[in-house]
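Let me begin by presenting the structure, written as structure tokens, before commenting on it.
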Amino acid sequence: MPNWGGGKKCGVCQKTVYFAEEVQCEGHSFHKSCFLCMVCKKNLDSTTVAVHGEEIYCKSCYGKKYGPKGYGYGQGAGTLSTDKGESLGIKHEEAPGHRPTTNPNASKFAQKIGGSERCPRCSQAVYAAEKVIGAGKSWHKSCFRCAKCGKGLESTTLADKDGEIYCKGCYAKNFGPKGFGFGQGAGALVHSE
């Protein structure tokens, strides 16, 4: 087809790209308004673009679609993600469930692993890579949250009561003193009925 417009064609919409609105990437020209991630539609620039053939992605979507898969790969060091990429058209096959050994003479190592600590929130085994200790118990990092508001906790920001953990704000609201003179700020008065 002849190029009557005289300019380069956009890699996304195939319309003529004029100099004032041109963004170049990997030898292709794009309109500034077309230079978007093909999955999440975020605006891209030279520091956030990842190219795969003729397709452009933000680095996050590119990593989810074409990056390594499996345990330990995520958005940062030590991050685990439950996103399996279904929104990107990736089909995930479930692995068969783990079946513990029936060997009555299991090694000391296997006996220790089999007797691992249980998370008080979800009752699943807690392994060293995902273990957080708080209120004298071992928790999964993802379960180490306030029982009321769900806010993530740290060992310095938690309060515990009856085996459950809370952020200091929820603990104060639910288990702290009630009545006149006890409120959210210095000198605040709250009427508790």
Side-chain angles (χ1 to χ4, degrees), residues 1-98 116 119 121-122 124-134 138-158 165-170:
M1 181 169 121
N3 187 358
W4 301 111
K8 299 172 185 169
K9 297 294 180 189
C10 176
V12 175
C13 71
Q14 303 306 314
K15 294 181 181 174
T16 301
V17 180
Y18 297 101
F19 181 76
E21 58 186 1
E22 182 180 25
V23 176
Q24 291 186 345
C25 178
E26 300 267 324
H28 298 284
S29 295
F30 300 90
H31 293 106
K32 287 179 186 173
S33 59
C34 292
F35 198 58
L36 306 171
C37 174
M38 297 191 76
V39 176
C40 68
K41 306 297 182 206
K42 286 183 184 171
N43 287 322
L44 300 173
D45 61 39
S46 62
T47 62
T48 60
V49 69
V51 179
H52 188 83
E54 300 289 316
E55 300 172 334
I56 55 175
Y57 300 93
C58 67
K59 289 186 178 180
S60 177
C61 290
Y62 179 88
K64 288 177 187 173
K65 190 163 185 174
Y66 299 109
K69 307 288 186 284
Y71 182 80
Y73 293 103
Q75 287 74 25
T79 303
L80 297 178
S81 174
T82 57
D83 181 0
K84 297 176 185 170
E86 287 91 357
S87 64
L88 303 174
I90 298 169
K91 294 190 176 26
H92 179 73
E93 297 176 15
E94 288 294 326
H98 173 71
S116 66
C119 174
R121 177 81 31 90
C122 69
Q124 298 294 316
V126 180
Y127 299 102
E130 56 190 358
K131 182 175 177 178
V132 178
I133 297 175
S138 296
W139 304 74
H140 293 110
K141 288 177 185 173
S142 58
C143 294
F144 199 62
R145 302 186 161 283
C146 175
K148 289 285 183 188
C149 69
K151 181 171 133 184
L153 299 173
E154 295 177 14
S155 59
T156 58
T157 62
L158 75 86
I165 55 175
Y166 303 91
C167 67
K168 292 194 175 187
C170 288

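Considering every non-hydrogen atom in both K32 and A20, the closest pair reads NZ-O, 3.6 Å. The two atoms that bring C146 and Y166 nearest to each other are SG-CA, 3.8 Å, heavy atoms only. Taking each heavy atom of C119 and H140 in turn, the nearest pair found is CB-ND1, 3.4 Å. S138 and K131 get closest at one heavy-atom pair: OG-CE, 3.0 Å. Contact detail for R145 and G152: the closest heavy-atom pair is NH1-N, 3.1 Å. Listed here is the closest heavy atom pair of K9 and V17: C-CG2, 3.9 Å.
Under the 4.5 Å side-chain criterion, counting only non-hydrogen atoms from C-beta, H31 is in contact with K15. L44 places none of its side-chain heavy atoms less than 4.5 Å from the side chain of F30.
Residue M38 holds its CE atom at 7.5 Å from NZ of K65, rounded to the nearest 0.5 Å. For the atom pair SG of C122 and CH2 of W139, the computed distance is 9.5 Å after rounding to the nearest 0.5 Å. Of the inter-residue distances, the one linking C58 atom SG with K42 atom NZ reads 5.5 Å to the nearest 0.5 angstrom. Between atom SG of residue C37 and atom CD of residue E55 there is a gap of 10.0 Å, rounded to the nearest 0.5 Å. One distance of note links NE2 of H28 with CZ of F35; it measures 11.0 Å at 0.5 Å rounding. Atom CZ in F19 sits 10.5 Å away from atom OG in S29 (nearest 0.5 Å).
For the pair K59 (side chain) and T47 (backbone), a donor-acceptor distance under 3.5 Å is present.
For the 3.5 Å distance criterion, the side chains of T16 and K8 fail to qualify, holding no donor opposite an acceptor.
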Yes or no on side chain to side chain contact (heavy atoms under 4.5 Å, CB included) for L36 and N43, after CA distance, side-chain angles and deciding distance?
CA-CA 5 Å; L36 306 171; N43 287 322; 2.8 Å; yes

Give the intermediate values and the outcome of side chain to side chain contact (heavy atoms under 4.5 Å, CB included) for residues R121 and I165.
CA-CA 9 Å; R121 177 81 31 90; I165 55 175; 3.7 Å; yes

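In the displayed structure, Q14 atom CD is contacted under 6.0 Å by more than 12 heavy atoms of other residues, nucleotides or ligands.
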